[in-house]
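In this text the structure is predicted, and so the values were computed from the model without any measurement. The figures that follow rest on heavy atoms only: side chains count, while hydrogens, waters and symmetry mates do not. In the text below, chain A, chain B and the rest are named by the order of the sequence lines, each starting its count at 1.
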Protein chains: 2
Amino acid sequence: MAPRAASKTAESSDKVSVICRALRRAIIEQALEPGAKLPEDSLGERFGVSRTIARHALGQLAAEGLVELRRNRIAVVATPSWQEARDAFDIRIELERLVVRQLAGKLTKAQIATLNAHVDAEDGARGGSDPVSIRLATEFHILLAHMTNSPILVRYVSEVAYRCCLTLSLYSRPHSSECAINEHRAIIAALVKGDEGKVMSLMHSHLDSVASRALVAPAPQRGRDLLDILAPYAEEGDGDRVVKLPKVVRAR
Amino acid sequence: MAPRAASKTAESSDKVSVICRALRRAIIEQALEPGAKLPEDSLGERFGVSRTIARHALGQLAAEGLVELRRNRIAVVATPSWQEARDAFDIRIELERLVVRQLAGKLTKAQIATLNAHVDAEDGARGGSDPVSIRLATEFHILLAHMTNSPILVRYVSEVAYRCCLTLSLYSRPHSSECAINEHRAIIAALVKGDEGKVMSLMHSHLDSVASRALVAPAPQRGRDLLDILAPYAEEGDGDRVVKLPKVVRAR
DNA sequence: AGCGCCTCAATTGCATGCAGTTTGGCGCCC
DNA sequence: GGGCGCCAAACTGCATGCAATTGAGGCGCT
């Protein structure tokens, strides 16, 4: 099986993809919460580009489901409904089962080392519910997808994983993800062992447990008061990476 | 189970989505073949908008994998590799199994009628390999996805189905799709009967057979000579719907 | 005081203009 | 005759400018 070229899915030029990456990261690290406003001007100013580019980036992120674009209205970070979150997890389960099915018993030594290193990093950044470890946990799954060498699979797994990540900030209590790390280790072990069925069911139950830990109430009142949540971020954001919110307003 | 709002996935404003839809359709009907050039100017002129909008539309389609965007180069209709085609079908199988799993035994009378009407239409537009019946066959699957009321699932199934459609124009011989119509009918029947396992395996084998009919050779020399294939389309395109190709050039 | 209208700042929708890059065609040299 | 290099045209990358829409605050009316 010859290694295929690692083609970039789309991510047109450069400036656009830089903004996309930055916003994606800000969103999944919950520096930008669902409902946060993303005015084209502010984005452009923050990243030193024109509105045209910022707009294009927002378009891409909207295509990924991370932001919502309403005609003539300010773009906002997407606020998936509980049902959409559930759907996303269902899809994710199927996709990631496919990933591990393709990978079982086929990992190279280098790949195994990479995976172990990543999980070690997850272990290092402990804190369970802090944004960075959530991001790392998500990236573990994306890393797996990359190893299939299937750009399409990478794209879909990434997208849906980001979406799931986004829902965690909406519907999850400060859940601990340490157990998830152990599950990651178990998945690696099963992959190395090459037991297809085992690793598929491991992945299934792993994601299922993440989902059920996260999506607790059928329809919680949107968690806490958005105003409170946003407050600490609105004034300074993350300094270097995150667009500063122009005003603190109750989103919607 | 309350009916969820049929949210539009992204498709920002209007003009952009009009162009996207038109191009998507032109591509899956094979009026625009893989490799066909899509200069922003021509698109803008054709649709009566500025390059900015055409560019944005191309960005969206690139995010869907239907066109390829290379920096400083003319955008072209995507030319998936044989391996990518195979990957797309693998993903599609999983996604559509999920669709029918969710749908089994849950279709309303109206939905059943809609499905039957669609298959009748497929039957009417017989011709097996003509672009319209290929499009209809694809839309049958998208119609199914819609009935899950899961916008995310709709999006992914649509995208991956379009991609598969695109590969058909590259790698398939003038295959007949009449058998596919019967398989569609069988799927509807199984859905109505509510036999989850049955309908999932039906869908699996249906897509698998489409894939294997289509993806015949492991690595055919890109099918026939692209120049020959393009010739009849290059001069006139489809008149009203399709952007006219500026020149006949061997793509690549 | 409460309610509704109206105006204006904020923001998006879109086109155009300019600069930089690629293309491919012509001419020159070997 | 064939290959190499230069040049103009074509095209993209991006910013800016203008018109249109929104929504929010202020004003007057009841």
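- Rotation axes derived from the C1' atoms of the five outermost pairs at either end of the helix from dA1(C)-dT30(D) to dC30(C)-dG1(D) lie 0° apart, to the nearest 10°.
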I'd like a table of atom pairs between the protein and nucleotides 16-20 of chain C - only N or O on both sides, under 3.5 Å - with the distance next to each one.
| from | atom 1 | to | atom 2 | distance (Å) |
| --- | --- | --- | --- | --- |
| dT16(C) | O4 | T52(B) | OG1 | 3.0 |
| dG17(C) | O6 | R51(B) | NH2 | 3.2 |

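- When the C1' atom of dG13(D) is taken as reference, atom CZ of R55(A) falls 17 Å away, rounded to whole Å.
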Q) Would L69(A) and L58(A) count as a side-chain contact (heavy atoms from CB on, under 4.5 Å) if you check the C-alpha gap in whole Å, the side-chain angles of each, and the deciding distance to 0.1 Å? A) CA-CA 8 Å; L69(A) 244 39; L58(A) 287 174; 4.2 Å; yes
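- Checked against salt bridge (charged side-chain N to carboxylate O under 4.0 Å, His left out), E139(B) has the following partners two or more places apart in sequence or in another chain: R135(B).
- Across dT12(C), dC11(D), dT23(C), the shortest atom-to-atom separation from the side chain of R73(B) is found for dT23(C).
- Under the ring pair (Phe, Tyr, Trp, His ring centres under 6.0 Å) criterion, Y162(B) pairs with no residue, sequence neighbours left out.
- The CG-P distance, from D41(B) to dA9(D), rounds to 16 Å in whole Å.
- The distance between atom NZ of K37(B) and atom C1' of dA10(D), rounded to the nearest whole Å, is 10 Å.
- The aromatic rings of F140(A) and H118(A) sit tilted, their planes meeting at an angle between 30° and 60°.
- Residues passing the salt bridge (charged side-chain N to carboxylate O under 4.0 Å, His left out) test with E96(A) are R92(A), sequence neighbours excluded.
- No donor-acceptor pair under 3.5 Å is formed between the side chain of S42(A) and the backbone N or O of L38(A).
- Taking atom NZ on K15(B) and atom C1' on dA20(D), their separation rounds to 12 Å, with Å as the unit.
- Between the P atom of dC11(D) and the CG atom of L38(B) lies a distance of 12 Å, rounded to the nearest Å.
- Under the rule for a ring pair (Phe, Tyr, Trp, His ring centres under 6.0 Å), F89(B) has no partner lying at least two apart in sequence or in another chain.
- Along DNA chain D, the nucleotide nearest to E40(B) and the one nearest to I53(A) differ in position, and the one closer to the 5' end is contacted by E40(B).
- Checking side-chain atoms of R155(A) against main-chain N and O of E64(B) turns up no donor-acceptor pair under 3.5 Å.
- Here the C1' atom of nucleotide dT22(C) and the CG atom of L69(B) are 15 Å apart, to the nearest Å.
- Rounded to whole angstrom, the span from the CD atom of E45(B) across to the C1' atom of dA10(D) amounts to 14 Å.
- The backbone N or O of G59(A) lies less than 3.5 Å from a partner atom in the side chain of Q60(B), making a donor-acceptor pair.
- If you measure from atom CZ of R71(A) to atom C1' of dT21(D), you get 9 Å, rounded to the nearest angstrom.
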